[in-house]
Amino acid sequence: MDQERNVCIRADRLSVRFTDHPILDHLSFEVPEGTVFGLLGPSGAGKTTLIKVLTGQLCQNEGKAEVFGKDTRRLTAEEHRKIGAMLDNYGLYERLSVYENLAFYADIYSIPRRGIPDILKSIGLYEARKTAVSKLSKGMANRLSLARALMGQAKLLFLDEPTSGLDPATTREIHDILLQQRKKGTTVFLTTHNMFEAESICDYVVLLHRGNIIERGRPVDICRKYDHLNKLHITLTDDTELALDNNRTSASAVKEFLEQGRIRSIHSSEPTLETAFIELTGKGLQ
Amino acid sequence: MKNMIAIFRKQCKDTLRNKTVLIQFLLFPAITILMAHTVKIPGMPEDFFVNLFATMYIGMAPLTSIAAIISEEKEKNTLRVLVMSNVKPCEYLIGVGGYVWLVCMAGSLVICMAGHYGWKTGLVFMGIMAVGILISLLVGAVIGIGSRTQMMATSITVPVMMVFSFLPMLSLFNGTVGKIARFLYSEQISRMLSQIDSFELTAERISVIGINIFIAALVFMATFRKCDLS
Ligand SMILES: Nc1ncnc2c1ncn2[C@@H]1O[C@H](COP(=O)(O)OP(=O)(O)O)[C@@H](O)[C@H]1O
Ligand SMILES: [Mg+2]
């Protein structure tokens, strides 16, 4: 993590319990300003709960959380103004249409309404602009919520599974939007259970499992750490399949197969965040 | 100012599609017209229905609708987002309150027309309604701000609204109720409306309504300070 950057979010032994059952268990982490921070974990890990604590919607039972150096239990309008959040139908008026919602927030944020059609096109909601929010699918409502959060020109964005259930093209659009935000210096805190998303756009990730942080770091560093999982998968001409460690210990064996011309196919499996996660928990991320 | 107008416009669109609130606005004006035109019982005071329903309108419509609007925004977290977006709580309340007040004034105008008053009496009628609606708005806003969910707001508005709108009606038939009810703004307003051509602004009227406004404003300020809007 860059030392010279300011810390935007800081959690210190943060715990949340629902009826004595720990949902978040003594989490400590820091998010530097201007980075894309990914909270990666399967459904039920506690990702949404953490966002709720960090945006001041839910009070922790123990520990401390700070945003812009302010305790999240006592955020004032000044901090709130710098925070944009996208979760569920957060901030949307269900009876109003897609367009009417953005038009209302455009007025509130003093942005001209004429930019709205372009915003709607970029998140793939232009066709649905006259639909009431209550009639939108979850993915569509998510995207509208994202557009709404972006309109406020926040310095810190909380995004709860911004791309879940979206097609690849729209997902890419949203990644582009997020990377543009980072270029502007915005800090992005997003949750996902999609490891490709985490690997491709996050500067820093934390793997959350049942309310505990089980791994953290830059995606490349985490993957490198699990390099011992990197295997060479070899299929021989007689259909035998072999998995050899991808290091010098396998060199002589591979050389021999090559010299005998017995190899039909060979490929390596570089560790991903998902393999790291499976290694740590014995379970997949989905 | 910009925020208040935006909230006002949003509220206009939203209410048209919100049946529970819409019916509050339309019900009594519609019933008044209907009853005033169809039911004519000999010996019944002139404009009986107009007075009765005007009083009930004051006690119900502004109170329930603003409580429902504010508590829904609290429940669905939209109010939090507005406050996060630099909308000042008082801007929100003036935007929403101004909207409800205007709609209720429009409803009052319909009721007023059913009374077939002259110009001057009509203006007096509207003036009385304006004050009554304002007090009810304060009471409703207190409930809305104090409730976390719409359900919670409804469970409080129902008894409160019963007191303000039914006691004046009951006091028409029962003297004892009248003795208690005369400390309520809605009762004083009901009495003024029933003698609209010749009522006097007695010390009792002015002080009861004045004290009612004072108490409502005081409770409103206290709630506003204590409960944050989000
Ligand atoms: N209001 C609540 N009361 C009780 N349990 C809850 C509540 N909200 C969430 N949970 C539980 O907390 C856990 C984490 O939920 P959540 O934060 O939504 O996970 P995620 O967003 O990672 O899928 C889940 O097991 C869920 O059942
Ligand atoms: Mg979730």
Side-chain angles (χ1 to χ4, degrees), chain A residues 51-52 55-58 67 72-113 130-135 141 144-145 148-158 160, chain B residues 1-25 65 68-96 98-99 103 144 148-151 224-230:
Chain A
I51 287 196
K52 286 191 173 163
T55 52
Q57 297 176 65
L58 186 72
V67 167
T72 54
R73 286 168 294 193
R74 280 182 286 278
L75 293 180
T76 61
E78 197 188 328
E79 286 87 43
H80 278 316
R81 206 174 308 151
K82 295 190 274 182
I83 300 175
M86 173 220 138
L87 53 157
D88 302 331
N89 284 6
Y90 194 65
L92 299 180
Y93 291 90
E94 289 173 9
R95 287 180 291 269
L96 298 186
S97 72
V98 168
Y99 180 87
E100 286 164 346
N101 266 282
L102 290 190
F104 171 59
Y105 281 103
D107 293 351
I108 294 290
Y109 295 131
S110 310
I111 304 169
R113 287 183 173 204
K130 289 183 181 150
T131 313
V133 167
S134 57
K135 304 238 162 64
L144 181 60
S145 183
R148 196 210 60 73
L150 291 174
M151 272 180 124
Q153 322 223 300
K155 300 298 294 164
L156 169 60
L157 284 170
F158 287 99
D160 196 10
Chain B
M1 195 61 197
K2 164 208 76 159
N3 287 347
M4 286 185 245
I5 294 170
I7 289 164
F8 186 92
R9 286 170 73 179
K10 182 266 298 175
Q11 211 54 53
C12 292
K13 292 188 195 123
D14 192 64
T15 307
L16 286 176
R17 292 164 219 166
N18 186 351
K19 290 189 205 78
T20 38
V21 170
L22 196 59
I23 204 154
Q24 285 294 334
F25 290 144
S65 51
I69 291 169
I70 297 177
S71 59
E72 184 183 16
E73 292 226 38
K74 285 191 71 167
E75 181 173 355
K76 307 249 167 89
N77 270 326
T78 47
L79 194 47
R80 160 184 290 277
V81 174
L82 287 184
V83 174
M84 276 193 190
S85 311
N86 213 8
V87 173
K88 294 193 185 59
C90 63
E91 288 178 322
Y92 172 79
L93 289 172
I94 294 172
V96 170
Y99 168 78
V103 174
R148 245 173 299 113
T149 64
Q150 227 180 330
M151 280 289 276
F224 186 69
R225 288 252 172 99
K226 192 164 153 281
C227 310
D228 66 324
L229 263 186
S230 42

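Side chains are part of it too, since the values below use all heavy atoms of this structure and drop only hydrogens, waters and symmetry mates. The sequence lines fix the lettering, A, B, ..., with proteins before strands; numbering per chain opens at 1.
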Part of B:Ile7 within contact of chain A (heavy atom distance under 4.5 Å): both
Max heavy-atom pair count under 4.5 Å with chain A, selected residue of B:Asn3, B:Leu82, B:Leu16, B:Asp14: B:Asp14
Side-chain donor or acceptor of B:Thr15 paired with backbone N/O of B:Gln11 under 3.5 Å: yes
Segment of A:Leu75 engaging chain B (4.5 angstrom heavy-atom cut-off): neither
Proximity breakdown for B:Lys13 and chain A, heavy-atom pairs closer than 4.5 Å: both
Euclidean distance, A:Arg148 CZ relative to A:Phe104 CZ, rounded to 0.5 Å: 10.0 Å
Test item: side-chain donor near acceptor, A:Arg113 and A:Tyr99, under 3.5 Å: no
Contact leader toward chain B among A:Ser110, A:Ala154, A:Gly84, A:Ala149, where contacts are heavy-atom pairs under 4.5 Å: A:Ser110
Contacting moiety of A:Glu94, where chain B heavy atoms sit under 4.5 Å: side chain
Side-chain donor or acceptor of B:Lys2 paired with backbone N/O of A:Ile108 under 3.5 Å: yes
Main-chain N/O of B:Gln150 paired with B:Glu75 side-chain donor or acceptor, under 3.5 Å: yes
